[in-house]
2 protein chains.
Amino acid sequence: MATKTPVVDVHTHMYPPEYIQILEARDDIPIVRSFPGVAPDPRIVLLSTEMAPLKAAEAKAASGEQPTLESLPGRPLTTHYASVAQKIHFMDTHGIDVSVLSLANPWLDFVASDEAGKIAASVNSGFSAMCAANPGRLFFFATLPVTAPADVLLQTIKDVRKLPFCRGVILGTGGLGKGLDDPEMEPVLEALGEAGLIIFLHPHYGLPGEVWGPRGGTTGEYGHVLPLALGFPMETTIAVTRLFLAGVFDRLPKLRMLLAHSGGTLPFLAGRIDSCVRHDGHLWKEAQKRRSIWDVLHEQVYLDAVVYSDVGLQAAVAASGAKGLDRLMFGTDHPFFPPLGTDEQGEWESVSMNADAVAKALGDGTDAAKNVMGGNAARILDLVAGEQEKA
Amino acid sequence: MATKTPVVDVHTHMYPPEYIQILEARDDIPIVRSFPGVAPDPRIVLLSTEMAPLKAAEAKAASGEQPTLESLPGRPLTTHYASVAQKIHFMDTHGIDVSVLSLANPWLDFVASDEAGKIAASVNSGFSAMCAANPGRLFFFATLPVTAPADVLLQTIKDVRKLPFCRGVILGTGGLGKGLDDPEMEPVLEALGEAGLIIFLHPHYGLPGEVWGPRGGTTGEYGHVLPLALGFPMETTIAVTRLFLAGVFDRLPKLRMLLAHSGGTLPFLAGRIDSCVRHDGHLWKEAQKRRSIWDVLHEQVYLDAVVYSDVGLQAAVAASGAKGLDRLMFGTDHPFFPPLGTDEQGEWESVSMNADAVAKALGDGTDAAKNVMGGNAARILDLVAGEQEKA
């Protein structure tokens, strides 16, 4: 049976309709609001600094005077976020054979404890149905009810493991609310490792707004660039490093993580982390008995290839060790970063930048490039059905 | 005349005696305090979270009960910080021919406005004297009185330009107090560019402590690792990106910056910054008329090679463009990161990690490695006297 290596997108998000309804009913971020007559799509607002502009726009609309389209905060919630048909069209447009879907941030980080388990079950059931309706094309990372009581959370892990298209879980850096190095998070991470569920670690919270300066916040003159380009990858880097320093990777050898945005900045900073540990009298005595940050990168961490340059991609491969080419997985971050001023049904520059980076760094059509573009994901995430589908 | 390529250290700090006296007279960070009978060297405390432990140690000492050595915050202020003879010994031990000295952080960021000009003149005069006493071995980056009135600050730039061993200025990310993208900072950056003085941009402030979590602050169980390994490089990355987004590199084509710690994380994140700019409707219209972040890296920014891994070093070279090998400069970060438990008069692992990274990434003794180890610095910073000295 002749098979071609599939192209697999491991970093691709959705807000299913049942999730959007929750956001529409809320009064604070994350929140969805519609401005009929001003914007064709509702706005989804995720960043706290954007609540004031949202309130202002709502007040203006309520007074009968319409806000301008340009003044609306957040992003247009286009069909790209909620429609599985649109996802398949996007995949077809970009030659993507298989997508591993995940709920977009901030997942269920904000929901009430007593509702979280039920909502998670509903969201995961929704994703399951989407995958079942598109066999071989779609798999998913499940959503965890991180605010739920421990027994509900652990039961969810057992439940999602049985879902036929589930290939791991997506998780934010907040953990149960106090970060991934919170000792109460460790049983959860252990259960995920034991269940063989890869954690797709994704940022949401960025960095405190003051670091962007008076001109740089999300409502400032630099737009969203600083929080998204720097805040997100730094958040991921901090979360993984905290986990490493807490010794969690060492205590949980079965723990596997796929880090969003090629690990944030971890490939570049691993050397400095290693050096700082080696030069810290309080830490080094214990640390030298453990795996190093390089060992973690080589053995327990996978990186997506969402880094938008061959320079970053090459560093991600190199940081992943001798088998680095076997550990990277292509992704698009769809439906974030739609093209400006061109048809959203056509090709997206945010996709081609990442595909071009792979081709430039590893050679166009080489085995190494094919592995990063999909072969690795098919093997690591067990997407064989997807591979056979393309045979 | 046969010349060998010198080994040049462009990232090497001192606290001259007149600066230490200022810190000894202070009641808040940065501060120097002695604990005779407990620690052989005074402690230098730079981080705000360490003031409480310092006060506690002082209170204990005042009560007659001595604090333990382990409980003392900050770092031992050894002769490595203040003695030029020790600097020369360190250079000889590590085969460093030439060092370009700079005052260590936080420079004069904290001094009173009416004293800053005078203190800067004194510090720069002190560095001049050290260099004059070691011709060909020592040059320096001058210190600016950033809190002084504008006329004093601009006059200092004119003054240091005339100092024979001055090869640029060291600058923190705070600028005049509101960041480098503060419009009031632009005339200062312009004056430096016009004077041909390279800015050695160095972090000090890190990130707000809450991002390290309950276990991760400087007095937490992870020691100094998170603030130093992640906070410092992220601070540098944010500062340069703010400057880029403000259009300053474009308006000041003569501006040249040497970025500490290989640019923080800029080589790895440049692709993501570029993509975020290209996908921001508010920014892209203006941004596409300007230099890209890659242009800035290729033309206006130099990187030191203080990155502690061949992975990071290779990324720094690649990010610096076709002439990347001509733009990197070796550094040690001496006297920070002394070896643990071994003789501080011997070899330092923090030096060998960076030298080994160059050899591993570029080949031991190749022309490329020699350029990074010193040839580039000799050419870019005009250290010809130093080069001839070794002929």
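Here is how names work: the chains are called A, B, and so on, in the same order as the sequence lines, proteins then strands, and each is numbered from 1.
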TODO: Verify side chain to side chain contact (heavy atoms under 4.5 Å, CB included) between B:Val311 and A:Phe268, making sure each step is shown before the conclusion.
DONE: CA-CA 7 Å; B:Val311 175; A:Phe268 193 74; over 6 Å; no

Open item on the list: Checking side-chain contact (heavy atoms from CB on, under 4.5 Å) between B:Pro338 and each of B:Glu349, B:Glu344, B:His80, which is the one that passes?
Closed with: B:Glu344

TODO: Give, as side chain, backbone, both or neither, the part of A:Leu283 having an atom under 4.5 angstrom from any heavy atom of chain B.
DONE: side chain

Open item on the list: I'd like to verify something: which residue of B:Lys178, B:Gln314, B:Glu210 has the highest number of heavy-atom pairs under 4.5 Å with chain A?
Closed with: B:Glu210

Open item on the list: Looking only at the aromatic ring of each residue, does the gap between the centers of A:Tyr81 and A:Phe336 stay below 6.0 angstrom?
Closed with: yes

Open item on the list: Using side chain to side chain contact (heavy atoms under 4.5 Å, CB included), reason through A:Met185 and A:Leu171 one step at a time and then give a plain yes or no.
Closed with: CA-CA 12 Å; A:Met185 186 65 194; A:Leu171 189 68; 3.7 Å; yes

Open item on the list: Regarding B:His334 and B:His13, do their side chains bring together a donor and an acceptor under 3.5 Å, going by distance alone?
Closed with: no

Open item on the list: Ring centres under 6.0 Å, that's the criterion: do B:His224 and B:Trp212 meet it?
Closed with: no

Task: Pair B:Glu235-B:His261, side-chain donor/acceptor within less than 3.5 Å - done: no

Task: Part of B:Met353 within contact of chain A (heavy atom distance under 4.5 Å) - done: side chain

- [ ] State yes or no: are the ring centers of B:Trp348 and A:His279 separated by less than 6.0 Å?
- [x] no

Task: Contacting region of A:Ile273 [heavy-atom separation from chain B under 4.5 Å] - done: both

TODO: Could you look at B:Ala270 and say if it's the side chain, the backbone, both or neither that has a heavy atom under 4.5 Å from chain A?
DONE: neither

TODO: Please assess A:Phe330 against A:Val306 for the test side chain to side chain contact (heavy atoms under 4.5 Å, CB included), listing each intermediate value before the final yes or no.
DONE: CA-CA 7 Å; A:Phe330 177 72; A:Val306 182; over 6 Å; no

Open item on the list: Under a 4.5 Å cutoff for heavy-atom pairs, which residue among A:Leu226, A:Asp181, A:Thr173 has the most contacts with chain B?
Closed with: A:Asp181

TODO: Between chain A and each of B:Gly341, B:Pro214, B:Ala318, B:Ala239, count heavy-atom pairs under 4.5 Å; write down the option with the most.
DONE: B:Ala318

Task: Contact origin within A:Ala287 toward chain B - heavy atom pairs under 4.5 Å - done: neither

Open item on the list: For residues 201-208 of chain B, give me every residue with a non-hydrogen atom less than 4.5 Å from any non-hydrogen atom of chain A.
Closed with: B:Leu207, B:Pro208

Open item on the list: Please rank A:Thr237, A:Ile238, A:Asp182 by heavy-atom pairs under 4.5 Å with chain B and give me the top one.
Closed with: A:Ile238

Task: Contact class of B:His282 relative to chain A, heavy atoms under 4.5 angstrom - done: side chain

Task: Partner chain A: residue of B:Gly231, B:Gly179, B:Gly264, B:Ala316 with the largest heavy-atom pair count (under 4.5 Å) - done: B:Gly264

Task: Distance-only side-chain donor-acceptor flag, B:Tyr222 / A:Asp280, under 3.5 Å - done: no

Task: Which portion of A:Glu286 sits near chain B, non-hydrogen atoms under 4.5 angstrom - done: neither

Task: Selection from A:Gly223, A:Gly213, A:Pro339 maximising heavy-atom pairs under 4.5 Å formed with chain B - done: A:Gly213

Task: Which atom of A:Val225 lies closest to which atom of B:Leu245, heavy atoms considered - done: CG1-CD1, 3.8 Å

TODO: Just do the side chain to side chain contact (heavy atoms under 4.5 Å, CB included) check on B:Leu230 and A:Leu269 with the steps written out, would you?
DONE: CA-CA 7 Å; B:Leu230 307 186; A:Leu269 290 183; 3.8 Å; yes

